[in-house]
Amino acid sequence: MDMKIKNQCMLCHNLFENSELSAEHYPAKSVGNNDIVALDLGKMFDFLLDKENIQKFFIDVETEKEFNKKLDMLFDYELSTTQYPRGRVAYTLCRSCNTFLGKYDEAYKKFFDNDGNPKVVNGFVKQTKIKIIKAIYAKFLSIPECSEIEFDFIDYLKNTDQDSYDGLWQIYFLKRNQSTDILNMRSLDVGVLDYDEGQVFELSDEKFIFHLTNFKPKNNVTGINLFSIQNKYVLVGGENIDGSGGYHGEMIIKKMLDLEN
């Protein structure tokens, strides 16, 4: 009797042996997911509460460049811990589907390299913008917290000619800045928040934070709808979100509480 365990590809839904599944990077390897380190929140707060540490940190800091350089060194050598040396990957796609979705990743890389600049993105052809949107939707298929969800956007991803999606799940995104990242330390983490109305899943890369949700959030707790990039849009950063930091802020607080427990 063949007792080999088979797993379902999250895109085509066919069953495959483990050896037939492909390593999918989430986010894409090309946007920073090649050596993920996590911010050690305990060490960070110990550092911030020590006045002597703060005073030493600001010695000889006269320019923004020097400040950012010291921040990077502080994060790399003092406040971070290695989490995924080869990047965060999941075996949730068959080789064929992973190759297929790679075409969407190529389009998103253009968006990433141009910092989401609306003037540049506005010049992209329609099909490139659609691929950018589909690239982000596809990445949520690989998040472990999403493994039991039956998403209604699968056909939208599989059909290269389908340029619209009017289903339940919407993605909102923020441009990362000092208001979203404590001391400008950018942890590429994932997470989930549960509400009476539904769920919010978070995925981020080095420049953007994305939230996938199955209910319409209030305007003051999230960014702009990802589909907005098809038209003229304005980038939204953390400073545009309410004082609590929106869903990203809640994710950070949740992780802190989990550490305490």
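Here the structure is a predicted model, which means the values were calculated and not measured.
- Neither side chain, D155 nor Q162, offers a donor N or O lying under 3.5 Å from an acceptor on the other.
- Residues F151 and Y137 keep their aromatic ring centres 6.0 Å or farther apart.
- V120 and Y233 fall within the same hydrophobic cluster, where Ile, Leu, Val, Met, Phe, Trp and Tyr residues are linked whenever their side-chain heavy atoms come under 4.5 Å apart, directly or through other members.
- Hydrophobic clustering (side-chain heavy atoms under 4.5 Å, transitive across Ile, Leu, Val, Met, Phe, Trp, Tyr) groups F153 together with I149.
- Using modelled atom types, one side-chain atom of N214 and one backbone atom of Q199 make a donor-acceptor pair closer than 3.5 Å.
- Across every non-hydrogen atom of Q170 and N225, the tightest pair is OE1-ND2, 3.1 Å.
- Between the K110 side chain and the K129 main chain, no donor and acceptor come within less than 3.5 Å of each other.
- Cation-pi geometry between K207 and F112 is met: the NZ or CZ atom falls under 6.0 Å from the ring centre, inside 45° of the normal.
- Looking only at distances, a side-chain donor or acceptor of Q127 sits under 3.5 Å from a matching main-chain atom of T160.
- In this structure, K158 contributes its side chain and C12 its backbone to no donor-acceptor pair below 3.5 Å.
- Smallest separation of non-hydrogen atoms from E202 and H211: OE1-NE2, 2.7 Å.
- Once rounded to the nearest 0.5 Å, the distance linking NE2 of H25 with CG of D205 reads 13.5 Å.
- Contact of the F173 side chain with the I224 side chain is registered, since non-hydrogen atoms from C-beta on lie closer than 4.5 Å.
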Practice item. Please assess F124 against I229 for the test side chain to side chain contact (heavy atoms under 4.5 Å, CB included), listing each intermediate value before the final yes or no. Key: CA-CA 10 Å; F124 292 170; I229 70 168; over 6 Å; no
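- With respect to D105 and K139, a salt bridge is recorded, a charged nitrogen being found less than 4.0 Å from a carboxylate O.
- Nearest approach of Y195 to V200, heavy atoms of both residues: CE1-CG2, 3.9 Å.
- Listed for the Q8 side chain is a donor-acceptor partner under 3.5 Å among the backbone atoms of H13.
- With rounding to the nearest 0.5 Å, the separation of OH in Y165 from CD1 in I171 is 8.5 Å.
- Linking ILVMFWY residues whenever their side-chain heavy atoms come closer than 4.5 Å, directly or via other members, places L226 and L101 in the same cluster.
- Using cut-offs of 30° and 60° on the angle between ring planes, the pair Y156 and F227 is tilted.
- Side chain of N7 to backbone of N18: no donor-acceptor contact under 3.5 angstrom is found.
- Looking at L21 and T92, their side chains never come closer than 4.5 Å, going by heavy atoms from C-beta outward.
- One hydrophobic cluster holds both I133 and Y108 under the rule that ILVMFWY side chains link at heavy-atom gaps under 4.5 Å.
- Nearest approach of F201 to E145, heavy atoms of both residues: CE2-O, 3.5 Å.
- The side-chain heavy atoms of P118 and L235, taken from C-beta on, include a pair separated by under 4.5 Å.
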